[in-house]
Structures are given as C-alpha cells and as structure tokens.
Amino acid sequence: MARTRAIRTVHTVAELRAQVRQWRAAGERVALVPTMGALHAGHVALMTEGRKLAEHIVVSIFVNPTQFAPTEDLSRYPKTLEADLDKAETAGVELAFVPDATEMYPPGFVTTISMAGPALGLETDFRPTHFAGVATVVAKLLIQAQPDIALFGEKDYQQLQVITQLARDLDLPVQIIGVPTVREADGLALSSRNVYLGQEDRAAAPALHRALSAAAAAIKRGGAIANSVDAARAHVTKAGFHIDYLEARHAVTLAPVSSVEDGPVRLLVAAKIGATRLIDNLAV
Ligand code: PAF
C-alpha cells in the first residue's frame, strides 16, 4: 500500500491549475519539471535548480506515447511511480501531476505541433515523429501548469533547443532553463535507459563521453572539426557502438558547422550498444 506523503499527487488539469493559480496569486513563483518518471539524479538536479529559482516545484510524470514510434520501447519504459514520488518529495517537490493518457489526449484529440529549425536532422533522421510528440506534450504541459519557469536537462540537448524555440515561437509566458547533464563517475550520462545496459555494454558505454571530450579538446586546440569528429566516430565504433549520428552542430540553431568561426559548437551523438540506444552531447 502507498504510504502517506507530504507531496500532493493530482491527476487532472483542473486540480493542477487550481493549485498553481493559488501559489501565483500569492505572488509566489512556480517551476515545472516535466518528466516521464523513472527519476534519477539527473531529474533531481532539475528539481534542485528549480528550488533556487522558484518557491514551489511541480513535477509532471507522464510517459508520453506520442513521442515513441511503434517500433520503440514505450511498453518496456520503466514505470516506478512510488519511488519517483519519494525522490521528488525528498527533492522538495510539493505537487506531482500524474495524468493518465485520456486526460492528456481525450477522445477526439487531433492537434500536433510540427517544427523545423532545431527539430530538423539528428534525432529526427532516426525518429521522424519524435519531436512532434515532444513539442505537443510539452506545449500542453506548459499551458496546463502555467509555471513561471520550466527546467529540462541538457542531456537531451536537441530537445532543449526544440522546446526553447517552441516557447519563443508560441509566445508561451515561461522561462525555459537548461540544466547541465549529471554523469556517473566514469562519464556516462545518467539516463532512465541505462538500466537496460548489460554488464559488458555498461563497461563500454563511457566511450561516448570520452570520445566527445577528446574531440572537444582537439577542436579547442585548433584541430579541424571534421578530423576531430572522425576520430570520435572511430573511438565510439571501436568500443562496440553502432552510430546513428555523431556530429558537430551550432549550439543554438543546431545547423551543421564546419569551423569554430560558424558560431558556438556542440558535439552530439546517438549510438546503439547491444539493444540500447544512448545519446550524449558536449559543448566545445
Ligand atoms: O525528456 C523527457 O523526459 C520527455 O521528453 C518530456 C520532456 C518529459 C516530454 O515527454
């Protein structure tokens, strides 16, 4: 049986709005941390940052079906609600919004947000409908909760740029904050999908961060971007990954870059090891 907690869990938009409205009417700031659950230290970092910027933190927990392709891991996505509520409560979250699929997508729902700009290429080349699902659910969550700020991890860097652009384009009255990636001691970026890694793949997985770090250092020393990216691809492949993409992009627009003269550079990778697909990125 679920134990009694200080964190309040609500399942409807009406309850969410009523609470947030009450806080904001008292002149208190509200931060939203949208998640799909399976919370880890990376999510806790978002909540901790939120606490510095707002009086109240709301976490949403919703495994959004529309951002998964039919071939992807929706049904086996980890569901750990009780543990998630414990972690959120410990991190100072007061309200958890845990809608079911019908609350988010009632019968007759037909709207999808379609984006170009930072949503083009990279993930979209491999998951063509992913960002339409993310943009639509995040727009809904921001409109439902009406927070002052919303926090997202830099781990999903393309997602962060997509959401920043979305909020700007739709004039959503919210400040989007990106929070640096939390890593294991060996450099592996924390992800809810790391639980899928077998022992051997887990041991090989830090190669992603090692390769990006070496490439970023080489580019900073004046090395050509193309050569540094090629060396990173070779390192990641040798470690046993199958690469979807490993590229240097403009850090804000995510347009391809060939030199540091083209603007701030971000290295981004997605690669599979065994059956698990990991993503990571690093600033140059
Ligand atoms: O990053 C995630 O967990 C999800 O993509 C998000 C932003 C909660 C939307 O479902």
Side-chain angles (χ1 to χ4, degrees), residues 1-2 9-13 16 32-44 46 59-88 96-115 119 122-141 144 152-153 155-160 162-163 188-202 204-205 208 240-245 269-280:
M1 207 178 71
T9 302
V10 297
H11 301 282
T12 65
V13 176
L16 169 69
L32 175 69
V33 177
T35 80
M36 299 204 298
L39 301 185
H40 51 64
H43 297 107
V44 171
L46 303 181
V59 65
S60 63
I61 300 177
F62 177 64
V63 183
N64 174 37
T66 66
Q67 67 190 75
F68 291 78
T71 50
E72 291 177 351
D73 54 357
L74 172 62
S75 61
R76 69 174 195 136
Y77 199 84
K79 290 184 189 66
T80 55
L81 183 60
E82 292 303 314
D84 290 346
L85 293 173
D86 286 342
K87 284 180 194 156
F97 174 50
V98 188
D100 64 17
T102 319
E103 182 71 7
M104 292 302 278
Y105 301 112
F109 186 93
V110 293
T111 301
T112 301
I113 294 180
S114 153
M115 290 181 64
L122 301 170
E123 284 300 296
T124 301
D125 288 343
F126 298 87
R127 310 174 74 195
T129 57
H130 177 64
F131 284 123
V134 170
T136 305
V137 80
V138 170
K140 281 177 67 74
L141 288 166
Q144 290 165 343
F152 298 86
K155 153 81 176 21
D156 294 291
Y157 191 79
Q158 188 175 12
Q159 170 174 280
L160 174 61
V162 164
I163 291 167
L188 177 65
L190 294 197
S191 162
S192 305
R193 291 187 168 92
N194 289 353
V195 296
Y196 303 146
L197 292 169
Q199 212 179 331
E200 224 173 280
D201 293 343
R202 172 63 188 82
L208 287 185
F241 280 92
H242 171 82
I243 297 175
D244 279 354
Y245 59 82
V269 62
K272 281 194 207 83
I273 188 146
T276 309
R277 185 174 186 273
L278 301 177
I279 61 171
D280 203 351

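Count residues from 1 along the sequence. Note that the structure is predicted; figures quoted are calculated from it, not measured.
Every residue two or more places apart in sequence or in another chain that forms a side-chain hydrogen bond (donor to acceptor under 3.5 Å, both in side chains) with T12 is listed here: E15. Taking the ring pair (Phe, Tyr, Trp, His ring centres under 6.0 Å) definition, one finds that H130 meets it with nothing, sequence neighbours left out. By the side-chain hydrogen bond (donor to acceptor under 3.5 Å, both in side chains) test, E72 is found to be paired with R127, residues two or more places apart in sequence or in another chain being considered. Applying the ring pair (Phe, Tyr, Trp, His ring centres under 6.0 Å) rule to F62 yields no partners; only residues at least two apart in sequence or on another chain are considered. Every residue meeting the side-chain hydrogen bond (donor to acceptor under 3.5 Å, both in side chains) condition with Q67, not counting sequence neighbours, appears here in chain and number order: N64. In this view, F109 and Y105 satisfy the ring pair (Phe, Tyr, Trp, His ring centres under 6.0 Å) rule, not counting sequence neighbours.
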- Query: Are L188 and R202 close enough, and set up right, to give a side-chain contact (heavy atoms from CB on, under 4.5 Å), and what steps lead you there?
  - Reply: CA-CA 9 Å; L188 177 65; R202 172 63 188 82; 3.5 Å; yes

- Task: Decide yes or no on side-chain contact (heavy atoms from CB on, under 4.5 Å) for T9 and L85, but give the supporting numbers first.
- Result: CA-CA 9 Å; T9 302; L85 293 173; 3.8 Å; yes

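Using a 4.5 Å heavy-atom threshold, the side chains of N194 and H40 count as separate. In this structure the side chain of V63 reaches within 4.5 angstrom of the side chain of F68, judged on heavy atoms. With a 4.5 Å cut-off on side-chain heavy atoms, V269 and F241 do not count as touching. A 4.5 Å side-chain heavy-atom check between M104 and K140 finds at least one atom pair inside the cut-off. A heavy-atom distance below 4.5 Å is not found between the side chains of F97 and L32. Using a 4.5 Å heavy-atom cutoff, the side chains of H43 and S192 are in contact. In this structure, the side chains of K272 and D244 come closer than 4.5 Å at one or more pairs of heavy atoms. For the pair T111 and T136, the minimum side-chain heavy-atom distance is 4.5 Å or more.
For the atom pair CE of M36 and CD1 of I61, the computed distance is 12.0 Å after rounding to the nearest 0.5 Å. The OG1 atom of T80 sits 6.0 Å away from atom NZ of K87, with the distance rounded to the nearest 0.5 Å. One distance of note links OG of S191 with CD1 of I279; it measures 7.5 Å at 0.5 Å rounding. In this structure, the separation between CD1 on I163 and CE on M115 is 9.0 Å, given to the nearest 0.5 Å.
Considering every non-hydrogen atom in both L208 and A271, the closest pair reads CD2-CB, 4.2 Å. Across all their heavy atoms, L122 and F126 have their closest contact at O-CD1, 3.5 Å. Closest heavy-atom contact between T102 and P107: CG2-CD, 3.9 Å.
Using modelled atom types, one side-chain atom of D84 and one backbone atom of L39 make a donor-acceptor pair closer than 3.5 Å. Judged by distance alone, with hydrogens and angles left aside, the side-chain atoms of Q158 form a donor-acceptor pair with the main-chain N or O of E123 at under 3.5 Å.
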